[in-house]
Amino acid sequence: MLWGIIGAMDDEIDLLRRKTIIKEEFVRYGCTFSSGTLEGKSVILVCCGIGKVNAAICADTLIQSFGVDRIVHVGVAGSLRPDLECLDVVVAVDAVYHDMEPGVLIDYFPHCDRFPCDPGLVSLASSVCSAITASQGRRTVTGHLVSGDQFINDRTTKERLHEQFQAACVEMEGAAVAHVAYVNQLPFLILRTISDSLRDGAILEYNHFKPLACEQSSRMVCALLDAS
Ligand code: ADE
């Protein structure tokens, strides 16, 4: 079983890379794909860069060139719910673009208006992450995730996204990874730690919490691999 693990930023993947016994490294499209063993499991790690297209390129490369069996997308996200605070964890049940014209997706995928994450991985991740966050006095929730090519800084837009999609969190890559995995019929999971809450001026919180949120996410991935 080969796990593809993908994050958008160096901070999101470097902590995992440091814990991995690296066997080989490959550079494709300017991204480094590191293969090795993490928590006793065979993995390929890649930092894809920010945004949906970068994420899609790397997800497809993980599948087509490296033959991964499943993909875990890991990183940080902005909260869209008043009860979700920084360093809480979201295990996505599905993902969709918030910046695509409504209805476009359904033209291509008549039975799918959001890309569903693998239910077995969601359930395992949810119990593993809940145990860790409970011991920290924080929360793990399962919920919808939305992605778009913008950093959402203001509360009004976050509230609109929550109303429109009933989503728990927003980020900039997950739905693209989900889309690629979906068309390849590959199981995938998205694990995100909240880096900015439902307040105005998200960027200030984000800058402060990003390193801690990346640590939290990498803790979750290690625990998930260990439990699987
Ligand atoms: N990633 C982390 N926080 C985010 C936000 N507020 N908007 C988009 N992507 C994010």
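What you see below is based on every heavy atom in this structure, not just the backbone, and it leaves out hydrogens, waters and symmetry mates. Quick caveat, the model's predicted, so the values are computed rather than measured. Remember, it's 1-based here, ligands and their atoms both numbered in the order they're listed.
Distance from atom 3 (N) of ligand 1 to its nearest protein heavy atom, with residue and atom name: D196 OD1, 2.6 Å. Among protein heavy atoms, atom 5 (C) of ligand 1 sits closest to F151 CE1, 3.5 Å. Regarding atom 7 (N) of ligand 1, its nearest protein heavy-atom neighbour is I152 N, 2.9 Å. Annotation: atom 10 (C) of ligand 1 to nearest protein heavy atom, V170 O, 3.7 Å.
Every atom of ligand 1 with a heavy atom of A77 under 4.0 Å away is listed here by number and element: 1 (N), 2 (C), 3 (N). Set against the non-hydrogen atoms of Q150, the atoms of ligand 1 under 4.0 Å away are 8 (C). Proximity to M172 (heavy-atom distance under 4.0 Å) selects the following atoms of ligand 1: 8 (C), 9 (N).
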*asked:* Go through it in stages, so that I can follow the logic: the residues are E85 and R138, the test is side-chain contact (heavy atoms from CB on, under 4.5 Å), and I'd like the CA-CA distance, side-chain angles, deciding distance and then a yes or no.
replied: CA-CA 8 Å; E85 286 290 344; R138 302 190 200 283; over 6 Å; no
*asked:* Between D149 and K52, is the salt bridge (charged side-chain N to carboxylate O under 4.0 Å, His left out) condition met? List the steps.
replied: CA-CA 7 Å; D149 283 317; K52 295 181 299 185; 3.7 Å; yes
_Checking I13 against I5 for the side-chain contact (heavy atoms from CB on, under 4.5 Å) test, could you report, in this order, the C-alpha distance in whole Å, the side-chain angles of both residues, the deciding distance, and whether it holds?_
CA-CA 8 Å; I13 285 295; I5 300 178; 4.3 Å; yes
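At a 4.0 Å heavy-atom cut-off, ligand 1 touches S195 through the side chain alone.
Taking the side-chain contact (heavy atoms from CB on, under 4.5 Å) definition, one finds that A223 meets it with V128, I132, sequence neighbours left out.
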Determine all donor-acceptor pairs shorter than 3.5 Å in which one atom belongs to a side chain in residues 201-209; sequence neighbours excluded.
from : atom 1 : to   : atom 2 : distance (Å)
E205 : OE1    : S197 : N      : 2.6
E205 : OE1    : S197 : OG     : 2.9
E205 : OE2    : S197 : OG     : 3.0
E205 : OE2    : R199 : NH1    : 2.9
N207 : ND2    : I203 : O      : 3.3

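Relative orientation of the Y182 and F109 rings is perpendicular, given thresholds of 30° and 60° on the angle between their planes.
Checked against the 6.0 Å centroid threshold, F115 and F188 do not count as a close aromatic pair.
At a 4.0 Å cut-off, not a single heavy atom of K210 sits close enough to ligand 1 to count as contact.
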